[in-house]
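Values below: all heavy atoms of this structure, side chains included; hydrogens, waters and symmetry mates excluded. In listed order, ligands and their atoms are each counted from 1.
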Amino acid sequence: MSTDWLQRWPGLRRDEPLARHSQFGIGGPADMFLRLDELAVVAELVARCTESGVPLTILGAGSNALVLDGGVRGLALRLMTKDLAVADGVATFAAGTMLPRAALDLAAAGWTGMEWGIGVPGSCGASIWGNAGAFGGDVEGSLVECEVVAPDGTTRWIAGADCAFGYRDSRFKHDLSGHVVLHGRFTVVADDIATVRARTHAVQSERKRTQPYGVRSLGSTFKNPPGDFAGRLLEAAGLAGRSHGGARISPKHANFILNVDHASAADVLALVHCARDEVASRFDVVLEREIVLLGEPASDAVAAQTAP
Ligand SMILES: Cc1cc2nc3c(=O)[nH]c(=O)nc-3n(C[C@H](O)[C@H](O)[C@H](O)COP(=O)(O)OP(=O)(O)OC[C@H]3O[C@@H](n4cnc5c(N)ncnc54)[C@H](O)[C@@H]3O)c2cc1C
């Protein structure tokens, strides 16, 4: 693997602790790390990584991805571009645009359709990747199309209807894995500013009432199983408030794991593992992780806990 070309890339950092770049505050070092404000160079960078065999990991805001303690091999790339523009009932977001910012800006300008994004503290790129959603809205419901870069550096727009969205799922986790989302274009509809603002604030208030707020978490740890809620099962299993090292299952909402005191990824995975075992043995339901894992575990014992 030749990385000479990359070592000369402006702004490249080596052995960068990724805990610094994640809202969750956890994560081992990346061999190489870049923050890019300029989407125009992403295609070239992706193509050159592919040609030279450099593994590439895309980072968003770190509100859903747990970066493991062994860190990330190759290049970790964070797309920072945060543009948001609205024309003819379509809002175009760059990959780094944060959904709460987008929801607030759209509400302030009297555009409805993205109120649900107010409580999803992630980037537009990652939210398309994972079909984020809340309070009855989701990416699938309003994405017109998104621009992506393939591993060979070719760029194209894919219609929302062709993204095979499902519950926190999309093609970008399957046949288009390795594609990087650059932009998303969402349908919005003109509405009264005060009404859109009121709806946005109602969503925000409901989240603050029912979920941990102002603490470090990755949102829902597990997907809801068919016909039930992961949080209800975890609470019924007596897991709310359970701790391991610096990580704790939220006493307020048992599907949230918090980084309360310099937790490691191993602490979080130990709780994930224990919670899943407990729910399976009590209710015969196998919970599927919603949080995603990036990088490498620091030990074989932790590797055994990284099942989907
Ligand atoms: C308090 C709290 C509440 C939350 N509530 C919700 C909720 O209601 N609904 C919901 O859906 N989620 C929720 N989440 C989870 C999270 O905010 C979303 O999943 C969000 O979309 C993740 O965005 P991110 O930028 O933080 O992604 P990250 O966690 O940084 O990354 C997630 C994945 O996306 C990939 N990725 C990142 N950027 C790109 C890109 N440009 N192209 C391709 N792949 C990319 C990464 O490689 C990684 O695999 C919540 C999280 C928290 C902390």
Side-chain angles (χ1 to χ4, degrees), residues 18 21-27 30 35-36 39 42-43 45-46 55-68 72 75-82 93-103 115-141 146-151 155 158 163 165-173 176-184 203-204 206-208 210-224 231 250 252-253 255-259 289-295:
L18 293 182
H21 303 281
S22 155
Q23 286 181 22
F24 200 35
I26 292 178
R35 282 161 67 107
L36 279 190
L39 289 183
V42 175
L45 191 60
V46 169
L56 176 64
T57 299
I58 307 298
L59 305 175
S63 70
N64 186 230
L66 176 65
V67 180
L68 300 179
V72 167
L75 175 66
L77 179 62
R78 176 101 195 259
L79 304 181
M80 301 303 294
T81 317
K82 293 180 165 51
F93 305 162
T97 309
M98 295 295 286
L99 288 192
R101 182 74 263 158
E115 292 91 331
W116 60 269
I118 185 71
V120 180
S123 62
C124 167
S127 298
I128 292 173
W129 181 87
N131 187 23
F135 290 86
D138 58 14
V139 167
E140 177 180 13
C146 58
E147 186 187 27
V148 300
V149 179
T155 301
I158 301 179
C163 290
F165 286 123
Y167 175 32
R168 304 292 171 265
D169 201 15
S170 77
R171 290 180 72 182
F172 306 113
K173 294 188 175 188
L176 297 187
S177 118
H179 284 55
V180 182
V181 178
L182 295 184
H183 287 101
V203 171
Q204 180 74 321
E206 184 58 12
R207 296 198 72 113
K208 284 185 182 172
T210 55
Q211 297 178 1
Y213 190 79
V215 284
R216 291 183 140 172
S217 82
L218 293 174
S220 296
T221 308
F222 298 103
K223 294 183 180 179
N224 290 322
S250 166
K252 185 170 179 182
H253 191 312
N255 201 19
F256 282 58
I257 294 179
L258 314 179
N259 174 8
R289 257 196 292 105
E290 182 167 326
I291 59 173
V292 296
L293 308 185
L294 297 179

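At least one N/O-N/O distance between Ser127 and ligand 1 falls below 3.5 Å. Where the criterion is an N or O separation shorter than 3.5 Å, residue side chain and backbone included, Ala65 meets it with respect to ligand 1. Residue-to-ligand polar distances keep Pro212 apart from ligand 1: every N/O pair is separated by 3.5 Å or more. Considering backbone and side-chain atoms alike, Gln211 places every N or O at 3.5 Å or more from each N or O of ligand 1. Considering both main-chain and side-chain atoms, Ser123 comes within under 3.5 Å of ligand 1 through a nitrogen or oxygen pair.
When side chains are defined from C-beta on, Phe93 does not count as touching Ile128, because their heavy atoms never get closer than 4.5 Å. Using a 4.5 Å heavy-atom cutoff, the side chains of Phe256 and Val215 are not in contact.
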Next item on the list: Please report the C-alpha distance between Leu75 and Leu45 in whole Å, then the side-chain angles of each, then the deciding distance to 0.1 Å, and finally whether the side chain to side chain contact (heavy atoms under 4.5 Å, CB included) criterion is met.
Entry: CA-CA 10 Å; Leu75 175 66; Leu45 191 60; 4.2 Å; yes
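With a 4.0 Å cut-off on non-hydrogen atoms, Leu218 touches ligand 1 through its backbone and not its side chain. When heavy-atom distances to ligand 1 are checked against a 4.0 Å cut-off, Val292 comes that close only through its side chain, counted from C-beta outward.
Closest to atom 28 (P) of ligand 1, if we only count protein heavy atoms, is Gly62 N, 3.6 Å. In this structure, atom 37 (C) of ligand 1 lies nearest to the protein heavy atom Ala126 CB, 3.4 Å. Among all protein heavy atoms, the one lying closest to atom 41 (N) of ligand 1 is Val181 O, 3.0 Å. The protein heavy atom nearest to atom 10 (C) of ligand 1 is Gly133 O, 3.5 Å.
Residues that satisfy the side-chain contact (heavy atoms from CB on, under 4.5 Å) test with Glu147, not counting sequence neighbours, are Thr155, Trp157, Leu182, His183. When the side-chain contact (heavy atoms from CB on, under 4.5 Å) test is applied to Asn131, the partners found at least two apart in sequence or on another chain are Asp138, Val139, Glu140, Phe165.
Within the set Thr57, Leu182, Ile58, the minimum heavy-atom distance to atom 40 (C) of ligand 1 is found for Ile58. The nearest non-hydrogen atom to atom 1 (C) of ligand 1, considering only Gly117, Cys146, Ser217, Gly137, comes from Ser217. Between the choices Ser22, Ser63, Ala61, the shortest heavy-atom distance to atom 15 (C) of ligand 1 belongs to Ser63.
Which parts of ligand 1 touch Ala132 is read off a 4.0 Å heavy-atom cut-off, strictly below it: atoms 11 (O), 21 (O). Interface of Arg168 with ligand 1, defined as ligand atoms under 4.0 Å from a residue heavy atom, comprises 9 (N), 10 (C), 11 (O).
Proximity of a side-chain donor or acceptor of Lys223 to a complementary backbone N or O of Glu290 within less than 3.5 Å is not detected.
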